[in-house]
K.L.:
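First, the structure itself, so that you have it in front of you.
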2 protein chains.
Amino acid sequence: MHDDRREGATVDATTRPTLESVAQRAGVSRQTVSNVLNAPHLVRAETTDRVRAAIDALGYRPSSAARQLRTGRSRVLGLRLEPVHDGINGAVLDRFLHALTESAQARGYRVMLFTAPDDDREIAQYGELLDTADLDAFVLTSTHRDDRRAAWLAERDVPFVTFGRPWDPPGDDRPAHPWVDVDGAAGTRAAVDHLRRLGHERIAYLGWPDGSDVGEDRASGWAAAMVDAGHDGGLLRRLHARVPDGVAAGAQATERVLADASPTAVVCASDSLALGALTVARTHGTSLAVVGFDDTPVAAAVGLTSVAQPLTEAAHRTLDLLLDQLDGTGGTRSREVLLAPHLVERASSRTP
Amino acid sequence: MHDDRREGATVDATTRPTLESVAQRAGVSRQTVSNVLNAPHLVRAETTDRVRAAIDALGYRPSSAARQLRTGRSRVLGLRLEPVHDGINGAVLDRFLHALTESAQARGYRVMLFTAPDDDREIAQYGELLDTADLDAFVLTSTHRDDRRAAWLAERDVPFVTFGRPWDPPGDDRPAHPWVDVDGAAGTRAAVDHLRRLGHERIAYLGWPDGSDVGEDRASGWAAAMVDAGHDGGLLRRLHARVPDGVAAGAQATERVLADASPTAVVCASDSLALGALTVARTHGTSLAVVGFDDTPVAAAVGLTSVAQPLTEAAHRTLDLLLDQLDGTGGTRSREVLLAPHLVERASSRTP
DNA sequence: AGTTGCGATTGGAACGCTCAAACGGATGCC
DNA sequence: GGCATCCGTTTGAGCGTTCCAATCGCAACT
């Protein structure tokens with residue numbers, strides 16, 4: 001059986017095979033070929049085989065443009081690429097994007113990117129992409145309070161999932177939507193537990209200023225774990241530093257907390273802060289265990305113990321929730337997924 | 001003039017406006033509306049105004065599926081997202097992607113992602129994307145010797161541009177193709193010049209083992225600048241360390257070179273290596289100026305002077321070359337673009 | 001034998017757009 | 001006045017698919 005792909009009657013080599021040419025070759029009608037692909041249960045087994053053979057022989061691949069025109073679905077997901085992040089932590093979303101692309105591809109979907117400088121223009125892009133490109137769904141990242149994006153999409157019955165839980169206070173009347181997020185509190189709690197197992201008692205926390213919901217979440221895990229460990233409110237407050245993200249800020253805050261509350265370990269809200277703490281620990285020769293957050297490449301590079309978000313799983317679950325809406329299969333599954341991060345132990349927490 | 005968008009005769013609110021409905025409202029034919037959008041010079045000014053008004057009133061947006069079905073073009077570019085990078089340097093391509101998405105969007109193109117574990121499967125994806133999604137062009141990254149991808153695309157007349165020059169030796173018979181790249185040699189040369197202006201004479205180089213073309217390029221800039229500065233071959237060889245990328249490897253190599261050739265400064269092929277050098281310099285209290293490469297977020301975070309690739313411009317130029325092929329406008333412009341990087345000066349090179 | 005029912009297959013229509021060709025009216029020329 | 005020429009516009013067709021209703025063959029039941 002040699003590789004002759006241009007045997008079809010009226011089909012010449014330069015033309016892409018279509019349903020029609022496949023049908024002709026298999027001796028069936030256009031629609032039957034379509035059914036083999038989209039509704040196999042309607043077709044007799046023997047016919048299916050014949051059609052499949054013709055498809056393979058011609059190398060037929062359905063045109064998504066034609067399919068899209070007819071059905072209004074594109075099997076494409078939209079994702080906003082945020083303005084280039086500064087700092088070390090921005091890479092998290094990039095890694096999520098990688099995982100999402102892979103997950104989507106494995107299930108026959110593609111990811112299309114767009115950019116927007118703010119939420120309003122992101123919404124404008126939704127409109128344009130829906131109208132012109134018929135995108136099937138969107139993945140939203142970086143959810144925050146008063147996030148109008150979710151409401152806009154929900155109002156128009158556009159399927160979407162957010163990576164990041166809805167942060168609006170519970171009294172709010174916004175409709176629920178499916179989301180995937182990583183449990184920051186569980187992450188910092190795991191960090192505290194890890195450090196306590198290593199014998200640390202005075203464990204400080206380097207977090208961000210109030211106003212960041214993600215920040216509050218991470219701080220709360222540390223605080224709760226410390227309370228569980230029997231720590232009293234006064235000391236806790238002195239062990240808790242709030243600074244803007246950044247290496248330098250992290251270093252300064254570490255010096256302050258060291259002077260004020262003499263901790264033997266510090267849990268940080270980000271790897272940037274942790275890197276600051278680490279430089280202080282290493283240059284001063286202080287014995288200070290450090291744990292960061294997000295397990296960025298830098299953490300691996302400098303031997304920083306860090307809380308790792310399960311981004312591959314997050315992407316996978318995001319797609320699950322999306323396909324539940326698109327293919328209408330699910331419905332039984334929970335529509336709110338909170339994943340536990342895990343600690344990656346490295347040298348920075350194994351102080352001598 | 002109140003906002004009534006559902007005035008069209010047979011058009012109701014739930015249906016997306018089409019060429020036909022716009023035409024009806026403007027009192028012209030379908031094709032004239034199409035011409036207003038795609039070939040304005042064919043339409044009388046007065047008619048154009050009337051049609052434009054109708055378009056605005058109805059909020060019409062052309063369906064790219066229909067357009068694509070008819071024309072075979074999608075205004076979508078494909079880009080392979082490489083497997084998640086380890087190390088610090090991987091973020092470069094992510095930043096390029098951000099810039100590319102923005103550039104493309106500004107010119108009416110979209111970026112669609114896909115993944116592939118190796119070149120062969122990347123090529124398979126090309127085929128699938130071309131057949132099913134009618135992608136207009138591809139952007140290739142991480143070019144290397146014996147890169148079959150470019151040949152495959154060229155053979156099929158698929159427009160593409162590589163970010164990364166073709167590394168095959170000149171004798172090769174591979175056809176030329178448009179590319180954009182950053183001049184690594186110019187980058188390391190700038191680093192040397194910078195350090196010499198600061199009074200350094202013995203400037204070491206931390207590079208990768210042989211076999212990496214990008215590595216050779218960067219090393220050659222340092223070597224040439226050192227020769228220009230009057231350095232002799234024997235010392236040069238001892239100032240040149242070759243190690244696999246990584247922070248730890250960079251630190252070890254720095255110690256070795258310090259012991260062997262006592263440089264006062266070191267230029268590195270990557271920020272990872274530079275970070276290793278920096279830790280040595282800082283912990284040993286050695287006065288060693290350090291310059292990295294790629295200006296990753298880490299460099300900014302730890303105050304590392306680094307050679308920055310002009311990624312935004314690279315993306316822009318990539319798109320220029322792509323559109324030259326797609327819209328057939330250009331042809332005069334050079335099809336090979338080599339961009340000069342620039343040095344971002346930070347504390348690590350300003351040794352006391 | 002005639003009707004009903006069902007599974008498998010078919011042909012026509014439509015999705016919204018652009019291409020190619022045809023058309024009508026104004027203008028120019030002999 | 002007749003004919004070619006031009007510009008601006010319209011008409012018909014078709015891109016490749018899926019939806020929908022119709023059809024066909026066959027078995028089962030009255």
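Quick note on labels: first sequence line is chain A, next is B, and so on, each numbered from 1. The structure displayed is predicted, hence computed values, not measured ones. Scope of the values below: all heavy atoms of this structure, side chains included, with no hydrogens, waters or symmetry mates.
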K.L.:
Can you tell me the distance, in whole Å, between the CZ atom of A:R73 and the C1' atom of D:dT18?
P.N.:
13 Å
K.L.:
Take B:L69 and B:S29, find for each the nucleotide of DNA chain D with the closest heavy atom, and name the residue whose nucleotide sits nearer the 5' end.
P.N.:
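Its nucleotide being nearer the 5' end, the pick is B:S29.
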K.L.:
Would you mind telling me which residue lines up with the more 5' stretch of DNA chain C, A:R30 or A:T47, judged by nearest nucleotide?
P.N.:
A:T47
K.L.:
Report the distance from atom CG of A:L42 to atom C1' of D:dC19, rounded to the nearest whole Å.
P.N.:
13 Å
K.L.:
With a 3.5 Å cut-off and heavy atoms only, can you find an N or O donor on one side and an acceptor on the other between the side chain of A:Q31 and the base of D:dC19?
P.N.:
yes
K.L.:
Please report, rounded to the nearest Å, how far the C1' atom of D:dT18 is from the CZ atom of A:R75.
P.N.:
15 Å
K.L.:
Taking only the side-chain heavy atoms of B:S34 (C-beta and beyond), determine which of D:dT18, C:dT18, D:dT17 contains the nearest atom.
P.N.:
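For B:S34, the side-chain atoms sit closest to C:dT18.
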K.L.:
For A:R16 and A:S63, which heavy atoms make the closest approach, and how far apart are they?
P.N.:
NH2-CB, 3.2 Å
K.L.:
For the residue pair B:R149 and B:H144, confirm or rule out a side-chain donor-acceptor distance under 3.5 Å.
P.N.:
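Absent: no donor and acceptor within the cut-off.
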K.L.:
How long is the line joining CD of B:Q68 and C1' of C:dC15, in whole Å?
P.N.:
14 Å
K.L.:
Write down the distance between CZ (A:R50) and C1' (C:dA8), rounded to a whole number of angstrom.
P.N.:
12 Å
K.L.:
I want to check one thing: is the phosphate of C:dT10, taken as OP1 and OP2, less than 4.0 Å away from some side-chain N or O of A:T32?
P.N.:
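The answer is yes; a side-chain N or O of A:T32 sits under 4.0 Å from OP1 or OP2.
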K.L.:
Would the base of C:dT18 count as contacting B:R70 through its side chain, where contact means a donor and an acceptor less than 3.5 Å apart?
P.N.:
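Donor-acceptor pair under 3.5 Å: yes.
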K.L.:
Which one, C:dT10, D:dT18, C:dT18, comes nearest to the side chain of B:R67?
P.N.:
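Nearest nucleotide to the side chain: C:dT18.
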K.L.:
Without decimals, in angstroms, what is the distance between B:N38 CG and C:dA20 C1'?
P.N.:
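For the pair B:N38 CG and C:dA20 C1', the rounded distance is 15 Å.
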K.L.:
Given D:dT17, D:dT10, C:dT18, identify the nucleotide with an atom nearest to the side chain of A:L19.
P.N.:
D:dT17
K.L.:
Salt bridge check, A:D136 against A:R110: does any charged N sit closer than 4.0 Å to a carboxylate O?
P.N.:
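Not counted as a salt bridge, because no side-chain N and carboxylate O are separated by less than 4.0 Å.
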K.L.:
Could you state the CZ-C1' distance from B:R44 to D:dT9, rounded to the nearest angstrom?
P.N.:
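About 9 Å, once rounded to whole Å.
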K.L.:
B:E20 CD to C:dC17 P: how many Å, rounded?
P.N.:
10 Å
K.L.:
Select from B:H41 and B:A66 the residue whose nearest nucleotide in DNA chain D is closer to the 5' end of that strand.
P.N.:
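Between the two, 5'-proximity favours B:H41.
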K.L.:
Of all the heavy-atom pairs spanning A:A23 and A:S29, show the shortest one and how long it is.
P.N.:
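Closest approach of A:A23 to A:S29, heavy atoms only: CB-C, 3.6 Å.
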K.L.:
I'd like to know if the side chain of B:T162 and the backbone of B:W179 have a donor-acceptor N/O pair within less than 3.5 Å.
P.N.:
no
K.L.:
Counting only side-chain N and O atoms of A:N35, is one of them less than 4.0 Å from OP1 or OP2 of C:dA8?
P.N.:
no
